[in-house]
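Right, one structure below, let's go through it.
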Amino acid sequence: MSDNNKKLFLLDAMALVYRAYYALIRSPRITSKGRNTNAQFGFTNTLVDLINKERPTHMAVVWDTHAPTERHIDFTDYKANRQEAPEDLMSAIPDIKRIVESFNIPCVELDGYEADDIVGTLAIEAADMGYTVFMVTPDKDYGQIVRENIYMYKPGFKGGTFEILGEKEVCEKWGINNVNQVIDMLGLMGDAVDNIPGIPGVGEKTAAKLLAEYGTLENILDNAPHIKGKLGEKIAAGKESALMSKKLATIITNVPVEFHEENFRIKEKNEAEMSAVFAELEFRTLAKRILGETPAPANAADSKPVALDLFGDPIEEPVTSSTASFGQIDLFTEAENFKNISDTAHQYHLVQSEEDLQHFIAQALQQKEICFDTETTGTDAMQAELVGLSFSWEKGEAFYIPCTDKEAEVKELLEKLNVLFTKEDILWIGQNIKYDLLMLKNYGFDLKGKLFDTMIAHYSFEPEGKRGMDLLSMRYLQYEPVSIETLIGKKGKGQGNMRDVEVELIKEYAAEDADITLQLKQQFEPLLKEAEVEDLFYKVENPLVPVLAQMEFEGVGLDVDFLKNYSDALGTAIKEAEQKVYEQAGVQFNLASPKQLGDVLFDKMKLDEKAKKTKTGQYATGEDVLQKLRNKHEIVDSILVFREYSKLKSTYADSLPLMVNPKTGRIHTSFNQSVVVTGRLSSNNPNLQNIPIKTDMGREIRKAFKAFDDNHVLLSADYSQIELRVVAAVSGDVSMIQAFKDKKDIHRATAAKVYGVPEEEVTFEQRRNAKAVNFGIIYGQSAFGLAENLGISRTESKEIIDNYFKEYSSVKKYMDDSIAYGKKHGYVKTLMGRKIKLADINSSNQTVRGFAERVAINAPIQGSAADMIKLAMIKISDAMKAANVKSRMVLQVHDELVFEVPLNEVELMKALVVENMQSALTLPNDVPVIAESGTGRNWLDAH
DNA sequence: CTTGGCACGC
DNA sequence: GACGTACGTGCCAAGA
């Protein structure tokens with residue numbers, strides 16, 4: 001095990017310089033003397049970012065300006081084809097070396113060796129001495145020597161974001177089992193070095209497959225005659241270049257360098273030298289941030305010295321377990337060897353006989369907390385069948401009860417277990433227990449006790465990132481569970497079915513799941529407390545689980561015939577528009593292909609000489625681009641019609657009917673409670689949160705969502721301007737609050753203020769602009785985004801924004817405060833205490849930091865609104881149960897709730913829903929919360 | 001089978 | 001002074 005306190009970073013300088021240079025090439029930094037300083041700037045930016053983010057204890061910058069090396073000399077092609085670096089890139093190198101040295105970081109260079117070789121050799125030496133080593137490069141190299149305490153560190157395209165790969169990640173990335181095979185992969189694929197092609201036509205997947213079969217590149221080449229078809233031919237033909245590529249990619253690890261602790265330790269920076277270089281290169285902002293404006297000691301009485309980072313910001317305490325709960329990837333556990341089922345004591349019982357079952361039930365009835373998990377035939381809970389149930393209440397011990405494939409027998413079994421399911425004082429623990437609830441509901445059973453969902457718990461204290469059970473187990477229990485793929489095969493067409501797996505095998509897998517989940521619950525309870533999100537979890541997220549399960553179970557009715565007719569009508573209109581386009585263009589092509597359309601519009605018809613291109617080089621044909629071309633040619637209107645109708649037809653009219661559950665005849669969406677970091681829900685299979693509403697033709701789709709029969713209606717209730725109300729509340733802006741208290745049209749009121757006119761004189765356009773600004777605040781948009789949205793100039797939009805901030809100065813203050821809070825704590829909070837992490841808020845990269853800052857503004861607003869509607873859903877669900885109504889909650893769309901209501905309950909439900917929505921969460925500063933409701937036979941009429 | 005482009009809602 | 005600008009879901013085309 002390595003010493004966590006010794007972090008050595010080795011930078012492949014030339015690779016970073018090249019990338020910095022090209023990353024900024026479209027926006028060159030030209031100094032007053034006409035020099036391009038892209039490379040210097042980009043490199044320094046990455047360096048500073050890395051130091052601030054990773055806080056290395058040791059560091060070296062490795063150069064290979066004295067390469068090419070001996071091994072390159074054999075390859076005349078390589079030398080001949082190697083492109084000369086641009087002059088301004090080459091001339092940047094001395095500057096960069098000066099900058100690096102002003103940081104007091106050593107530059108290492110050795111005649112005849114590439115940086116890879118030097119870095120590799122140093123890495124191995126230092127790793128053997130107990131250092132954790134990070135080899136920093138934007139390239140793919142190094143994979144072959146990544147091992148336990150050596151990692152690859154890949155800075156993002158322009159600094160800011162980054163990626164850290166250990167042995168495991170590298171293997172995963174390349175699809176191989178052994179990290180030593182990386183070099184063979186590079187040989188096969190040939191992108192180790194420019195211009196050495198490897199074997200053309202062999203991609204990552206093919207290469208990994210070949211290596212899995214033959215082990216090494218040499219073996220593959222020897223066996224080329226036995227490899228069938230085109231692939232075999234290609235391999236035989238590419239032999240030479242594959243070997244060449246491999247040789248070029250091989251890292252030499254016996255370079256004559258030595259690692260000396262003292263030479264590489266991070267030391268004080270040489271400020272005089274640094275400021276001189278920065279002045280020369282005209283890095284004013286960077287200089288100011290790194291060198292200038294060091295804050296005075298906060299408090300003379302507070303004698304504790306405050307460590308400052310390169311920007312003069314105080315360095316936070318080192319990461320401890322409490323901050324780890326905010327998504328810190330713990331590199332050092334990642335590299336550990338995990339325990340697994342074969343070396344961990346466990347007792348997993350198979351419950352098969354009646355006697356076993358009775359014994360199990362008797363024991364279970366004694367328990368207060370039971371972990372519960374179902375095994376089924378599929379991932380869609382509304383269609384799957386039960387294969388077995390597992391339970392655990394003691395670490396290392398679990399029970400698995402298999403089911404037969406006869407529904408009646410399964411129900412009989414569940415009937416026997418129902419004494420448990422209906423017991424009120426059991427806490428049921430599960431990972432994504434909504435799924436298990438749905439399974440039970442489909443057999444007519446329900447859990448009466450309380451719930452604890454480990455997945456939701458994890459989401460509550462760490463909303464970002466993944467939370468699959470296997471992952472959580474490895475991270476929090478250092479235990480690697482049996483993978484489902486070992487039972488039913490790899491994902492994809494060939495994947496088998498749980499039902500076909502031997503019961504003894506399922507038992508081990510299923511019981512282990514319950515066992516692990518139980519242990520996760522024990523781990524997570526203190527973490528919830530530590531992260532101060534107990535209220536969020538116990539009052540909002542966890543109680544929402546059964547509510548969502550019930551909503552998904554109910555589903556919503558769909559008028560399939562209506563959609564079928566509508567689809568036909570759309571089809572006709574699409575054909576018409578398509579024909580028009582072909583006539584006007586004078587060619588037949590696939591209008592659904594953006595690539596072909598771009599070629600027709602811009603190459604053939606030349607509608608815009610300076611047409612924008614996408615990053616892959618094809619013409620951009622998005623809606624915004626087309627809108628700007630509308631007055632140039634009437635073909636554009638037909639294209640827009642085609643686009644709109646095709647979307648409606650394929651995504652909605654044709655797809656939704658396919659999602660109708662054959663058993664219930666209804667649509668059962670799945671709400672995901674643990675995806676969106678701000679706390680919103682997401683919906684899929686199908687996504688019912690993006691049903692069209694803006695255009696007339698789109699709105700028609702909503703007519704297909706209908707109430708059960710003539711005795712029912714859909715009731716839709718939505719919050720009015722909820723996010724702006726949250727803005728008013730958290731900012732305490734007096735005039736905005738007053739506008740809400742006076743029940744004004746908020747956008748009109750805003751326009752009046754911004755344009756300095758009486759409310760009744762606000763024009764349509766002024767209101768529209770004001771609305772866009774309000775909207776922009778909520779989404780954290782910038783002046784650019786606003787201008788883009790409104791089709792006005794950037795200066796004009798900036799003026800509007802400036803006026804807005806003058807009139808609503810508290811809103812501006814809130815935004816600044818929120819960013820400051822984010823910088824200080826590394827996260828921002830919603831009203832219910834949900835914490836949203838802001839990893840990049842102190843980034844030296846303006847784009848990256850700007851993004852984090854917008855999140856800091858937006859997340860508390862959107863997240864608090866999400867908190868509110870979640871609380872409302874729980875309250876409403878409880879109130880509906882208490883009132884014993886027949887009505888059902890069926891959908892949630894961020895600020896709207898939809899219910900299916902029998903006619904005789906309409907008035908009751910309207911009052912119940914609106915009242916509970918409005919009182920779910922009291923906003924600060926007495927900002928009123930308003931919910932409005934409507935009913936109708938279908939979703940459109942209900943609005 | 002993966003990716004890129006596009007479009008829908010909030 | 002240029003960067004490049006909410007998120008999540010899902011469809012289709014294109015190229016391996």
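Throughout, protein chains are lettered first and strands after them, A, B, ... in sequence-line order, and every chain is numbered starting at 1. This one's a predicted model, so the numbers in the text were calculated from it and none came from an experiment. The basis for the numbers below is simple: all heavy atoms, side chains too, and nothing from hydrogens, waters or symmetry mates.
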Under 3.5 Å, which donor-acceptor pairs link side chains of residues 858-869 of chain A to any protein atom two or more places apart or in another chain?
residue : atom : partner : partner atom : Å
A:N858  : ND2  : A:I778  : O            : 2.2
A:Q862  : OE1  : A:T678  : OG1          : 2.6
A:S864  : OG   : A:L831  : N            : 3.0
A:S864  : OG   : A:P860  : O            : 2.5
A:D867  : OD1  : A:R834  : NE           : 3.2
A:D867  : OD1  : A:R834  : NH2          : 2.7
A:D867  : OD2  : A:T830  : OG1          : 2.6
A:D867  : OD2  : A:M832  : N            : 3.1

### Partner set under side chain to side chain donor-acceptor pair (under 3.5 Å) for A:Q588, not counting sequence neighbours
none

### Set of side chain to side chain donor-acceptor pair (under 3.5 Å) partners for A:Y804, sequence neighbours left out
A:N774

#### Entry: Touch class at under 4.0 angstrom, heavy-atom based, for A:N684 against every strand present
sugar-phosphate

### Message
I need the full list of salt bridge (charged side-chain N to carboxylate O under 4.0 Å, His left out) pairs touching residues 717-728 of chain A, with sequence neighbours left out, sorted by first then second residue.
### Response
A:R680-A:E723

### Query
Which is true for A:T678 with a 4.0 Å heavy-atom rule: it touches a base, it touches only sugar-phosphate, or it touches nothing?
nothing

### Task
Would you indicate, yes or no, if C:dG8 has its OP1 or OP2 atom less than 4.0 angstrom from a side-chain nitrogen or oxygen of A:S683?
no

Please list, pair by pair, any protein nitrogen or oxygen found under 3.5 Å from a nitrogen or oxygen in nucleotides 7-10 of chain B.
residue : atom : partner : partner atom : Å
B:dA7   : OP1  : A:R643  : NH1          : 2.8
B:dA7   : OP2  : A:E623  : N            : 2.7
B:dA7   : N3   : A:K647  : NZ           : 3.0
B:dC8   : O2   : A:N690  : ND2          : 2.9
B:dG9   : OP1  : A:I693  : N            : 2.6
B:dG9   : OP1  : A:K694  : N            : 2.8
B:dC10  : O2   : A:R680  : NH1          : 3.4

### side chain to side chain contact (heavy atoms under 4.5 Å, CB included) partners of A:N590, counting only residues at least two apart
A:A592, A:S593, A:Q596

### Message
Reading 5' to 3' and counting Watson-Crick or G-U wobble pairs with both distances under 3.5 Å, write the dot-bracket notation for DNA chain C, | for bases paired outside the strand.
### Response
......|||||||||.

## Note on the structure
Taken to the nearest whole Å, CG/A:L601 to P/B:dG5 is 16 Å

### Message
Taking side chain to side chain contact (heavy atoms under 4.5 Å, CB included) as the definition, give me every residue that meets it alongside A:F851, ordered by chain and number, with sequence neighbours left out.
### Response
A:R854, A:V855

### Task
Just grab all the salt bridge (charged side-chain N to carboxylate O under 4.0 Å, His left out) pairs involving residues 637-649 of chain A, residues at least two apart or on different chains.
A:R630-A:D637, A:K649-A:D654

